[in-house]
Amino acid sequence: MAKNLVIVESPAKVKTIKKFLGSNYDVVASNGHLRDLPKSTMGVDIENDYEPKYITIRGKGSKLAELKRYAKKANKVYLATDPDREGEAISWHLKNAMDLDPKKTYRISFNEITKDAIKESLKNPREIDMDLVDAQQARRVLDRIVGYSISPVLWEKVKRKLSAGRVQSVALKMLCDREEEIKEFIPQEYWDMDAVLKCKNKEFEVSFYGDANGKLEITGKEQLDKIIEECKDKTFEVDEVKKGQRTRKAPVPFTTSTMQQEASKALNFATQKTMRIAQQLYEGVDLKKRGTVGLITYLRTDSTRISDGAMAHAKEYITENYGVEYVRKVPHKKKDSGKIQDAHEAIRPTDITITPDEVKPQLTRDQFRLYQLIWKRFMASQMDSTIYETINVRIKAGDYEFRAATSKVKFDGFMKVYTDDDNKKISTNNTIAKLDKSSELEFVEFKENQHFTQPPARYTEASLVKAMEEQGIGRPSTYAPTIGTITGRRYATKEKKNLFVTELGEAVNRVMNMAFADIVDTKFTANMESLLDSVERGKMDWKDIIRDFYPNLDAEVKEAEEKLEKIHIADEESDEICDQCGRRMVVKYGPYGKFLACPGFPDCRNTKSYMEKIGIPCPECGKELVLKRTKKGRIYYGCEGYPDCEFMSWNKPLKEKCPECGKYMVEKGKKIACSDPECGYVRENKED
């Protein structure tokens, strides 16, 4: 008996969807794209109106043949790839590569992998949306033309095996521009001053604000001393006590960008790790009594929209578990921005009743932490605002004014389930809360602190994603791969979350700025994203974008090849001496990371493994500790004297000794702990 065939992208979805559909359906994975542009050539016929030359991807022939066999026996074929431009294009390629009969081929899409969503999509099949396909083709052809036109220039002028990209090069420029801001920054001195006062034998602090003319910045010690001199003999009096109320609105649910940012801050996840784990939660996890369930909705979205059904379920859950007073009264205002496609809902749990605690035993530690973050954020978004009672006190000392404020939670609202760093900063001072105009104040002392303005912070992965989103560069699906390419090509390195541009990155950016100014211009790139959105909405022919773009690029490439001078990037030297020829070995990069090689290649082909010293002595023998990786890529710390010394630790050891037992201490995320678990000494990591 012939069956219906459902083709999905990922093998991980097959088991989940097959369970929902039963024996009348075959569910098979395409394993992503089956057709693409060839790797060996540009694959775009410039002379033939920029027609792309698609071929079957190397190694995918057997998969294509397998899918054709299934399709031949099927009554109907449902193309169920991801609900975005890329997924639509994969379905289009499948239909063409498999030569499917249009009369029995249907496109279905769903925002979540649940039984109801799958069944509903089968009831409402549609044709392939060619506007979405064309938007993806435009992006793919643009990126291919940029990469394959500019990369050879970089190989010739800088170094082989480099790459340029339409979004990647702009992101690199943002990193380089920030580095320049930091280098050029000139610190400015400023001071702050607090007065310690006493009321009814209880001390409290008030901060200097200004004088009768308003807020006053203290820019030097001389100015500070003058203010102190004029204040010290004056009586401190309460001039005004203002009581009020402040409302903190609930956060909106996660988009791809905000999920990556919050996972970085709260969980210390890199963007690629966040997307990998979110993909696992979306595709399905085996749960006891429930079977395989997709826990979250589609993870690539820039929308904060929530379906009416999901809002109704959340309202019911909040009423039942927290009380009707916690239900959100006013819906979130939808942002009207041309940068938002709003093709999907926000990221949310597929079933609000599947709580993090319920599924914790069936999830890995990282899956649980991310699911808990998504669950709590969505729950908070459907709850009412947090309300604070605030008290602001103005205190006069002669002509000068000091201020203090305190607040306490009147109604916790969404903070019942979700708090972030801003929520944790709220503090209550009972002494300030009890002040009134009749309070007698006694001066105790001044506290003064010198500061210097700080340069802008280096980008982290999270802040770079935020900046790219704000400037309209890239889309939800491109943030993580873009950053991965920049670090993978060694244009930037990551140290304690911060992204540092390398000498190689600066050289590439210099070439791009000199020769391809449009490509690295943020406004130009953001405008290109808007044009792609116009194609998706059916308002523009995708080839018009290429026709307008390519001639200028071609002229710039020819000029760069002719006029740009070669830039020499020297290999990083190490302290290691080649034991075969005596030269100082240099650091090279391979598929598995750094290694040491003799610069005398090809005369001397000596190589050694690279050991990154961390500046900490081995607790057992006193030699240097080095950072190492297991075959699966897990980081650990070992002694450079191995195999004579076999010391190793999964956590980074510190020079500091435990104050309780004297053994070495280790870093454990935001904590510093004794290496001996039986000792149990732990404290906060202030540096973190």
Side-chain angles (χ1 to χ4, degrees), residues 171 175 178 251 253-282 295-296 299 347 356 359-360 363-378 380 417-425 457-469 476 479-488 492-500 593 612 614-616 627-630 632-637 649-654 656 665-675 682-688:
L175 292 177
R178 178 59 56 88
F254 281 137
T255 61
T256 303
S257 166
T258 53
M259 176 181 70
Q260 290 173 346
Q261 292 168 48
E262 196 60 27
S264 175
K265 287 192 291 184
L267 310 179
N268 203 23
F269 284 2
T271 52
Q272 288 180 309
K273 180 177 181 177
T274 300
M275 296 304 285
R276 185 175 68 251
I277 295 167
Q279 186 77 28
Q280 294 165 5
L281 297 174
Y282 166 68
L295 290 178
I296 65 169
L299 60 150
I347 301 169
V359 297
K360 185 176 183 179
L363 302 182
T364 66
R365 180 172 181 268
D366 288 338
Q367 285 174 342
F368 166 73
R369 294 170 75 204
L370 185 60
Y371 180 63
Q372 179 175 247
L373 193 67
I374 293 168
W375 189 93
K376 287 186 173 182
R377 176 72 168 232
F378 171 68
V417 296
Y418 182 83
T419 56
D420 56 21
D421 289 341
D422 290 334
N423 300 137
K424 294 169 187 173
K425 292 174 186 174
R458 282 186 172 84
Y459 283 114
T460 62
E461 288 192 9
S463 62
L464 183 58
V465 166
K466 184 179 181 182
M468 289 171 69
E469 182 185 39
Y479 300 138
T482 297
I483 294 172
T485 301
I486 289 171
T487 53
T493 59
K494 192 164 74 168
E495 296 178 24
K496 291 188 176 179
K497 290 191 177 183
N498 293 318
L499 292 168
F500 288 80
E612 186 176 335
I614 64 169
I616 306 290
L627 184 148
K628 297 185 176 183
R629 280 183 171 82
T630 65
K632 292 186 177 180
R634 187 179 175 189
I635 289 175
Y636 70 97
Y637 301 88
S649 171
W650 293 114
N651 299 108
K652 183 180 178 181
L654 303 171
E656 180 183 345
M665 303 280 281
V666 294
E667 278 187 10
K668 287 193 173 182
K670 295 183 178 180
K671 305 284 185 182
I672 288 179
C674 179
S675 58
V682 179
R683 66 171 174 78
E684 292 293 322
N685 186 352
K686 292 180 181 178
E687 185 178 332
D688 182 82

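- In this structure, CG in D366 is found 10.5 Å from CG in N268, a value given to the nearest 0.5 Å.
- Geometrically, K360 engages F368 in a cation-pi contact defined by less than 6.0 Å to the ring centre and at most 45° from the axis.
- How far CZ of R178 is from OH of Y459: 4.0 Å, rounded to the nearest 0.5 Å.
- Minimum heavy-atom separation, L299 to A278: CD1-CB, 3.8 Å.
- Contact detail for Q261 and V465: the closest heavy-atom pair is NE2-CG1, 4.3 Å.
- Here K376 does not pair with E262 in a salt bridge; the nearest charged N to carboxylate O distance is not below 4.0 Å.
- In this structure, F269 has no ring pair (Phe, Tyr, Trp, His ring centres under 6.0 Å) partners at least two apart in sequence or on a different chain.
- Between L267 and T274 the shortest side-chain heavy-atom distance does not fall below 4.5 Å.
- Among residues two or more places apart in sequence or in another chain, the salt bridge (Lys or Arg N to Asp or Glu O under 4.0 Å) test is passed with K494 by E461.
- M468 has its side chain within reach of T482: a pair of non-hydrogen atoms, C-beta onward, lies under 4.5 Å apart.
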- prompt: Taking it one step at a time, do T256 and Q260 satisfy side-chain hydrogen bond (donor to acceptor under 3.5 Å, both in side chains)?
  reply: CA-CA 6 Å; T256 303; Q260 290 173 346; over 6 Å; no
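- For K466, there are no salt bridge (Lys or Arg N to Asp or Glu O under 4.0 Å) partners at least two apart in sequence or on another chain.
- Smallest separation of non-hydrogen atoms from S675 and V666: CB-CG1, 4.2 Å.
- Panel note: side chain T485, backbone P481; a donor-acceptor pair is recorded below 3.5 Å.
- With a 4.5 Å cut-off on side-chain heavy atoms, L654 and E667 count as touching.
- When side chains are defined from C-beta on, K671 counts as touching E684, because their heavy atoms get closer than 4.5 Å.
- When all heavy atoms of A492 and L175 are compared, the pair lying nearest together is CB-CD1, 4.0 Å.
- Side chains of M275 and T271 form no contact here, defined as non-hydrogen atoms less than 4.5 Å apart.
- Here the straight-line distance linking atom CG of L499 with atom CG of L464 works out to 6.5 Å at 0.5 Å rounding.
- Between K668 and V682, the closest side-chain pair of non-hydrogen atoms is not below 4.5 Å.
- Distance CG/L627 to CD1/I614: 7.0 Å, rounded to 0.5 Å.
- For the residue pair E469 and S257, the shortest heavy atom distance occurs at OE1-OG, 2.9 Å.
- Nearest heavy-atom pair, P251 versus R377, reported as atom, atom and distance to 0.1 Å: CB-NE, 3.6 Å.
- For the pair L295/Y282, no side-chain contact is recorded, criterion being any heavy-atom separation below 4.5 Å from C-beta on.
- Put simply, CG on L370 and CD on Q280 are 9.5 Å apart, with the number rounded to the nearest 0.5 Å.
- In this structure, CZ on R276 lies 7.0 Å from NZ on K273, to the nearest 0.5 angstrom.
- The shortest distance between side-chain heavy atoms of M259 and L373 does not fall below 4.5 Å.
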